[in-house]
K.L.:
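Got a structure for you, questions after.
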Amino acid sequence: MTSVRHIARAVGSTSTSSLPYRVELRAGNHELIADEQSVGGGSDAGPSPFGLLLSGLAACTSMTVRMYADRKGWTIDAIEVDVRYDVDDDGEASIARMITFPADLPVEQRDRLADIAERTPVTLAIRNGVPITTTLRSADDA
């Protein structure tokens with residue numbers, strides 16, 4: 001029998017009484033706001049949905065690489081992860097991730113951490129295209 005382990009949950013809501021595309025989000029104990037940029041008809045009150053997706057990827061990459069380095073006893077003062085979502089003229093989307101380590105990090109450690117970054121949980125979820133099941137209900141069912 002297959003068991004399911006709950007990893008994370010987020011709830012988003014919007015209403016006509018708020019700014020047009022503003023969404024109030026709750027992820028665990030944390031409250032966030034998402035919105036579209038002004039050029040997209042929003043008020044830029046928070047990160048866009050793609051900004052939130054990329055934030056998750058950047059956070060997971062930074063955390064996972066840091067955890068691995070700590071377990072190995074490697075001292076790394078700073079790890080920066082810069083992630084971009086781009087769409088070309090043909091509509092093909094891609095994500096580019098740039099990880100910056102201190103200049104004095106040994107090449108062997110840098111290479112190992114690059115390998116670890118390719119296997120973070122969020123990286124794998126995005127790459128593997130995790131299935132999404134959608135269920136609809138009316139507010140009366142809640």
K.L.:
For L105, is there any backbone N or O sitting under 3.5 Å from a side-chain donor or acceptor partner on R110?
P.N.:
yes

K.L.:
Is there a path of hydrophobic side-chain contacts, each under 4.5 Å between heavy atoms of I/L/V/M/F/W/Y residues, joining L53 to I99?
P.N.:
yes

K.L.:
Any carboxylate oxygen within less than 4.0 angstrom of a Lys/Arg side-chain nitrogen, looking at R22 and E36?
P.N.:
no

K.L.:
Going by heavy atoms in the side chains, are C60 and T123 under 4.5 Å from each other?
P.N.:
no

K.L.:
First locate atom CG of D82, then atom CG of L54, and finally report the distance between them rounded to the nearest 0.5 Å.
P.N.:
9.5 Å

K.L.:
What I'd like to find out is whether the side chain of S55 reaches to under 4.5 Å of the side chain of P47, using heavy atoms alone.
P.N.:
no

K.L.:
Answer yes or no: is there a side-chain heavy-atom contact under 4.5 Å between L57 and I95?
P.N.:
yes

K.L.:
Within the 3.5 Å criterion, strictly below it, is a donor on T61 or R97 matched to an acceptor on the partner's side chain?
P.N.:
yes

K.L.:
Y68: which residues meet the ring-ring contact (aromatic ring centres under 6.0 Å, His included) condition with it, sequence neighbours left out?
P.N.:
W74

K.L.:
Step through the shown structure and confirm whether more than 12 heavy atoms of other residues, nucleotides or ligands are within 6.0 Å of CD on Q37.
P.N.:
no

K.L.:
If we only count heavy atoms from C-beta on, is the L113 to I76 side-chain gap below 4.5 Å?
P.N.:
yes

K.L.:
Membership question, hydrophobic clusters at under 4.5 Å side-chain separation (ILVMFWY): are M63 and I126 in the same one?
P.N.:
no

K.L.:
Is a donor from one side chain sitting under 3.5 angstrom from an acceptor on the other, for R119 and T64?
P.N.:
no

K.L.:
Any side-chain donor-acceptor pair under 3.5 Å between S38 and D44?
P.N.:
no

K.L.:
Using a 4.5 Å cut-off on heavy atoms from C-beta on, say whether the side chain of E108 contacts that of D111.
P.N.:
no

